[in-house]
Amino acid sequence: MKKEWPLWEVFVRSKNGLEHRHFGSLHAADAKMALENARDVYTRRNEGVSIWVVESKHITASNPENNGELFEPAQNKVYRHPTFYDLPDEIKHM
Amino acid sequence: MKNENLYKYILGIADNNLILGQRLGELCGHGPSLETDIACTNISLDLLGQVRSYFQYAALIANNESSEDDIAMLRPEREYVNILLVEQPNTDFAYTMAKQFLFDAYHYLFIQKLQSSKDETLSAIANKAIKEVSYHYRFSSDWIKRLGDGTEESHDRIQNAINDLWTYTNELFSQTEADKAMIAEGIGVDTVVFKEDYYNKVSEVLKEATLEIPESKYFQKGGKEGIHTEHLGHLLSELQYMQRTYPNMKW
Amino acid sequence: MSEAQIKDSRTEHSRSLEAQFEARIARDEKIEPKDWMPEKYRKTHIRQMSQHAHSEIVGALPEGNWITRAPSLRRKVALLAKIQDEIGHGLYLYSATETLGITRNELFEQLHTGKAKYSSIFNYPAVTWADMGAIGWLVDGAAIINQVALCGASFGPYARAMVRICKEESFHQRQGYEILLTLTKGTQEQKDMAQDALNRWWWPSLMMFGPTDDESPNTAQSMKWKLKRKTNDELRQQFVDQTVPQAELIGLTIPDSDLKWNETKKGYNFGDINWDEFWQVVKGHGPCNKERMKARISAWNKGQWVRDAAMAHAEKQQSKNLNKAV
């Protein structure tokens, strides 16, 4: 048998109040091992308070070839941003 | 020495860590996968970190200008009082994990009790170590299950290793005079109290791992009296090499 | 459209993709794994990144040789932690390489069959404790210079791995320098041990930056792709300039009679590197090439049944859970 341990993506919450961030990946036979390995590989220096692991094959990613249609239409919706609206100078914060 | 029993008692705890940590260190860079390599080194680092705390305390008690390194590296073989289990060679990953598991299960129960030692330093060391040790136990028992209930080959290998090493488990619970004196003072841990607990715990994991619990009634001991298997001398010749070859120098 | 026309429009298309790609790099944009990239960019990155990863894990071997013999507990834990980091860095780099569509198994295969290279410095033996100092100070020092430059590499996963690695490696060089510092403050025997280590590791460290610029045919392309941010000779000069005063400070002598401060270039002139030795080691005939490969292959082969067991166990658990769910 020559089956490689699958690849997992590791997400770490550095401290409470922050979101989990992608830290990197590693190989493990199962989820439990992936968590244990993630702890030893990515939080040796006290970098985390919580770890998520997900097998890489379960991630669906957008295709950069479609970036135009996916992301460019959002660029010209200036009315979603506060600076689009004119207010009298007297109003300092809104 | 004023507190000779306490001194001996500390060595009895710390030598196990030292020798097992040294054995694990041999594997660094040679593990079955990069991830496993890193994990085993972490355990080695935990154990050696604990050793330093114990020996620094022992050096304080000895009060004769000896340092943690003198204690770790300059005793003759007969004065090392680790149990025989931890000095056994790594042979293969099955032996490494079986040895680790049989020790971790004990170590966890021991450190748990040491937390309520009347000796403040020992209880402080135990308070810190308990988190490390409970992780070690989780790690090695997971591996016992993987190897036991993995492939036919892994099953045979880990069963073999458990059978071989089983003979050293009883010594975990033997008590020296110093142990007894420390138990009487409320400083030491009465290991006999959790002996049954230990074998239950271990058996449970072995069962889950589809492994047989060895039935042998014959056990080896002697480490706690300084009478070791032939393996220890070779381990010490590396551990002590620098201190012996270049005496009285700072590194 | 005729077939020829179709072919023409395809090459046209890929030419324009390539032009866009080059423009993105010129604008300092990062390239991410799923982005279009020229095949040569992908291959060159697999080669360089995996070479870097291999160097980390083979690099663990000479130092690993001293774990069991470290002279004090403090030194032992520091050395263990450092080697553990190196294996971790190998892991980060393999993972980053895997984003380019090659598996770690395939990369190991390339290492074990000799198809892939690793840094030649690790084919020298670590014979005394002082070598732990020299390796940390010189070898890690040289590696850091390379790596800091690579934090700005164009390929996102590589640059990110480098940032993490640089952050973690900052203690490695200090650890090595401190070992030598302690020796130079010690007995004559210890001082000699330190000087001897510097004598043996100095020249191989200079070789770590690779052939001179005029002998390095890939440099121009690598610079353009920001896979390299400075040339070999620039980095080597930086290393010499930074290291010479550090040696002086602890009373060690760089083993180079041509070493001399050059006021006009504001840097040191240094002697000729023995490139014959360099190529001999690169081609596999250094003092420890065979041992290093043997050790890696043996670890991998001995681990096969362990990896298989874990996989088999995981599959059994999965089917158990599936049955439960039904």
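Throughout, protein chains are lettered first and strands after them, A, B, ... in sequence-line order, and every chain is numbered starting at 1.
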Colleague: Side chain, backbone, both or neither: which part of C:Ala314 has a non-hydrogen atom closer than 4.5 Å to chain B?
Modeller: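 No part of C:Ala314 comes within 4.5 Å of chain B.
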Colleague: Among B:Phe55, B:Trp143, B:Trp251, single out the residue with the greatest number of heavy-atom pairs under 4.5 Å to chain C.
Modeller: B:Trp251
Colleague: Can you check whether C:Trp66 reaches B:Met242 side chain to side chain, under 4.5 Å on heavy atoms?
Modeller: yes
Colleague: If you look at every heavy atom in C:Ala309 and B:Thr151, which pair is closest and at what distance?
Modeller: CA-CG2, 3.9 Å
Colleague: Working to the nearest 0.5 angstrom, can you tell me the gap between C:His313 NE2 and B:Asp142 CG?
Modeller: 7.5 Å
Colleague: Give, as side chain, backbone, both or neither, the part of B:Tyr241 having an atom under 4.5 angstrom from any heavy atom of chain C.
Modeller: side chain
Colleague: For C:Arg74, is it the side chain, the backbone, both, or neither that has a heavy atom closer than 4.5 Å to a heavy atom of chain B?
Modeller: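 For C:Arg74, backbone and side chain are both near chain B.
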Colleague: Tell me, out of B:Glu26, B:Glu35, B:Lys250, who's got the most heavy-atom pairs with chain C below 4.5 Å.
Modeller: B:Glu35
Colleague: Assess the side chains of C:Thr68 and B:Glu238: does a donor N or O sit below 3.5 Å from an acceptor N or O?
Modeller: yes
Colleague: With the side chain counted from C-beta on, respond yes when B:Met97 and C:Val306 share a heavy-atom pair under 4.5 Å apart, and no when they do not.
Modeller: no
Colleague: Within the 4.5 Å heavy-atom criterion, are C:Leu61 and B:His30 side-chain neighbours or not?
Modeller: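 Sidechains of B:His30 and C:Leu61: in contact.
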Colleague: Would you mind checking which part of B:Gln243 comes under 4.5 Å of any heavy atom in chain C, side chain (CB onward), backbone (N, CA, C, O), both or neither?
Modeller: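 For B:Gln243, the contact with chain C is made by the side chain alone.
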Colleague: Hey, does C:Ile57 have a side-chain heavy atom less than 4.5 Å from the side chain of B:Leu34?
Modeller: yes
Colleague: Do C:Thr187 and B:Asn248 have side chains that approach each other closer than 4.5 Å (heavy atoms only, starting at C-beta)?
Modeller: no
Colleague: Among B:Glu152, B:Met73, B:His155, B:Glu153, which residue forms the greatest number of heavy-atom pairs with chain C at distances under 4.5 Å?
Modeller: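 So the answer, after comparing B:Glu152, B:Met73, B:His155, B:Glu153, is B:Met73.
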Colleague: Please identify, among B:Asp37, B:Asp92, B:Val51, B:Asn42, the residue contributing the most non-hydrogen atom pairs under 4.5 Å to chain C.
Modeller: B:Asn42
Colleague: What closest approach, in Å, do B:Gly150 and C:Lys316 show between heavy atoms, and which atom pair accounts for it?
Modeller: O-NZ, 3.0 Å
Colleague: Check whether any side-chain heavy atom of C:Leu80 lies under 4.5 Å from a side-chain heavy atom of B:Cys28, and answer yes or no.
Modeller: yes
Colleague: Report yes if the side chains of B:Leu239 and C:Lys76 come closer than 4.5 Å at any heavy-atom pair, otherwise no.
Modeller: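 Yes - at least one pair of side-chain heavy atoms lies under 4.5 Å apart.
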